[in-house]
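Reviewing the structure listed below.
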Amino acid sequence: MKIATWNVNSVKARLPHLLSWLESAKPDALCLQEIKCLADDFPSLEVKSLGYHVTAVGQKTYNGVAIISREKAEIVHTALPGDDTDTQARYLEADIAGVRIATIYLPNGNPVGTDKYPYKLAWMKRLADHARELLDEERTVVLAGDYNICPTDDDVYDPVGWREDALCRPESRAAFRIIANLGYVDAFRALHSEPGRYSFWDYQAGRWHRDEGLRIDHLMLNPQAADRLVACDIDRAPRAKEKASDHTPVWCEIGPPRLI
DNA sequence: ATGGTAGCCTTGCTA
C-alpha cells in the first residue's frame, strides 16, 4: 500500500499537477494539506474520474486537508481531539483498506512571540495525546502531513539562519521527538540517513534552484506500520514544474504483514 | 540590500 503526503498550497491552483501525479505515482492514499477551499468546492469530479475517492475537511481561504484514496475512506475524526473551540481545518483521520491514516496540517507557528507559537505547541501536545491513545488500539497507523517541523539540523539548508524560526526552535523539535518517542517512526529517516533531503523550498529568493529547502513533511508510522515499511522517498519532480506548490510529495510503501 | 513569491480574493493575511 503506497501512502503519500503533499501540501498542495491550494488544490484548485494545483489541480493539473495533482491529477498528473496521481496518474504517474499511483498512490493508494494521498493525504493533502492546504487545500485552501471549502470541502464542497474541492474539485472531486476530476479526481474521481481517475478512480479515486475524496474526503475533505475544508475552510475558506486558509488551511484545509483531504484524503484521496483508491478504497473508500471510513471517517473516524474530522478534527484533532482535545479542543472543541479550535475551528481551523487541520486534521482528518480515516480507515482506508485496514490502515488508520491521518492527514495533518500542523500550525506553522511564526512569528515566534505572537500567539501563533503557543497555538502550535498546544496543537502538538494534543497530537501527542491523541497519538498515544491510538497506540492502545494496536492498529496499523500512519500519521502523514505537513508537520511544519524540521526535526534536526540535517533537515535544513541553513541551520543557524533558521535557529529561531518556529519550524526549527528547540521547543518545536522537542514536541516532535515526544511523538517519535511514543513509538512513531519517521519513515524517511528509517530508510535514509543522508542530510540535505528536503520536502519544501520557499518560493522566494530562488530557494528551489539553489536546493535550499527544509524537510518538514513527514510520514510517522506506529510499530505495526513501521514493521511493514518497505520503501520511502521524496518525489522532487512536482516541485520542478511551472506553477508548483512550494512542497513536494513524500511517500512510503507499506508491505503485507510480516511474520518476523 | 529588511527585499523576495504565491494564493486567496483584498487593498492585507498567511506561509
Side-chain angles (χ1 to χ4, degrees), chain A residues 5-21 31-44 46-47 56-66 79-80 86-91 103-124 127 144-151 155-169 171-173 175-176 198-218 234 236-250:
Chain A
T5 181
W6 189 10
N7 179 325
V8 287
N9 187 19
S10 168
V11 70
K12 292 183 199 171
R14 222 62 62 206
L15 186 58
H17 291 353
L18 172 62
L19 297 174
S20 165
W21 197 75
C31 296
L32 300 180
Q33 301 87 35
E34 282 206 270
I35 64 172
K36 290 189 169 180
C37 64
L38 295 169
D40 286 346
D41 296 328
F42 192 103
S44 302
E46 294 89 337
V47 172
V57 174
Q59 72 183 75
K60 209 172 162 183
T61 308
Y62 302 120
N63 309 319
V65 291
L80 180 63
D86 184 358
T87 56
Q88 298 189 26
R90 295 182 176 276
Y91 190 88
T103 175
I104 293 167
Y105 180 46
L106 215 145
N108 177 294
N110 283 306
V112 173
T114 68
D115 56 2
K116 291 178 186 299
Y117 192 54
Y119 172 66
K120 174 184 194 152
L121 296 177
W123 210 93
M124 296 191 76
L127 180 60
D146 176 359
Y147 279 72
N148 269 313
I149 298 285
C150 171
D155 303 307
V156 52
Y157 69 95
D158 178 7
V160 173
W162 281 78
R163 195 170 48 197
E164 298 305 319
D165 190 278
L167 279 59
C168 296
R169 291 265 301 183
E171 303 91 335
S172 302
R173 287 178 168 174
F176 184 77
Y198 308 128
S199 64
F200 160 86
W201 298 259
D202 198 288
Y203 285 123
Q204 302 180 68
R207 296 294 178 215
W208 165 250
H209 292 287
R210 301 173 191 205
D211 194 21
E212 295 176 340
L214 296 90
R215 193 175 68 88
I216 57 176
D217 300 273
H218 309 299
I234 300 168
R236 295 165 57 99
R239 185 63 181 84
K241 292 187 170 185
E242 289 297 316
K243 297 280 289 178
S245 169
D246 42 2
H247 296 248
T248 212
V250 183

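Numbered from 1 within each chain, the chains take letters A, B, ... in sequence-line order.
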Quiz item: Who pairs with Asp41(A) by salt bridge (charged side-chain N to carboxylate O under 4.0 Å, His left out), at least two apart in sequence or on another chain?
Solution: none
Self-check item: dG7(B) versus dT11(B) - spacing of their C1' atoms, nearest Å
Solution: 15 Å
Quiz item: If we ignore angles and hydrogens, is there a donor and acceptor under 3.5 Å between the side chains of Asp86(A) and Tyr91(A)?
Solution: no
Self-check item: Value in whole Å for how far the C1' atom of dC13(B) lies from CD of Gln88(A)
Solution: 13 Å
Practice problem: Pick out which of Arg215(A), Arg173(A), His218(A) makes a side chain to side chain donor-acceptor pair (under 3.5 Å) with Asp155(A). | Solution: Arg215(A)
Exercise. Among residues two or more places apart or on two chains, list those pairs meeting side chain to side chain donor-acceptor pair (under 3.5 Å) that have a residue in residues 10-20 of chain A.
Key: Ser20(A)-Lys241(A)
Exercise. Under the salt bridge (charged side-chain N to carboxylate O under 4.0 Å, His left out) rule, collect the residues that match up with Asp158(A), sequence neighbours excluded.
Key: none
Practice problem: Using whole Å, report how far CG of Leu106(A) lies from C1' of dT14(B). | Solution: 16 Å
Self-check item: By salt bridge (charged side-chain N to carboxylate O under 4.0 Å, His left out) - contacts of Asp217(A) (at least two apart)
Solution: none
Practice problem: Taking atom P in both dT5(B) and dC9(B), compute the distance separating them and give it to the nearest angstrom. | Solution: 22 Å
Self-check item: P atoms of dA1(B) and dT10(B), separation to the nearest Å
Solution: 38 Å
Quiz item: How many Å lie between CG on Asn110(A) and P on dA15(B), as a whole number?
Solution: 8 Å
Practice problem: Check every strand shown and say whether Tyr105(A) touches a base, only sugar-phosphate, or nothing at a heavy-atom separation below 4.0 Å. | Solution: sugar-phosphate
Quiz item: Between Ser172(A) and Tyr117(A), do the side chains contain an N or O donor and an N or O acceptor separated by less than 3.5 Å?
Solution: yes
Exercise. Report the distance from atom CD1 of Ile216(A) to atom P of dA15(B), rounded to the nearest whole Å.
Key: 11 Å
Quiz item: How is Arg90(A) classified with respect to the nucleic acid when contacts are heavy atoms under 4.0 Å: base, sugar-phosphate, or nothing?
Solution: sugar-phosphate
Dump the pairs, protein N or O against N or O of nucleotides 6-9 of chain B, anything under 3.5 Å, distances to one decimal.
from, atom 1, to, atom 2, distance (Å)
dG7(B), OP1, Arg14(A), NH1, 3.1
dG7(B), OP1, Arg14(A), NH2, 3.4
dG7(B), OP2, Lys243(A), NZ, 3.0
dG7(B), O3', Ser10(A), OG, 3.3
dC8(B), OP1, Ser10(A), OG, 2.5
dC9(B), OP1, Thr61(A), OG1, 3.3

Quiz item: Angle class for the His247(A)/Phe200(A) ring planes (parallel below 30°, perpendicular above 60°, tilted otherwise)?
Solution: tilted
Quiz item: What is the distance, rounded to the nearest whole Å, between atom CG of Asp165(A) and atom P of dA15(B)?
Solution: 12 Å
Exercise. Answer yes or no: is there a side-chain heavy-atom contact under 4.5 Å between Tyr157(A) and Arg210(A)?
Key: no
Check nucleotides 1-4 of chain B for protein N or O atoms closer than 3.5 Å to its own N or O atoms and list the pairs.
from, atom 1, to, atom 2, distance (Å)
dG4(B), N9, Gln204(A), OE1, 3.0
dG4(B), N7, Gln204(A), OE1, 3.3
dG4(B), N3, Gln204(A), OE1, 3.3

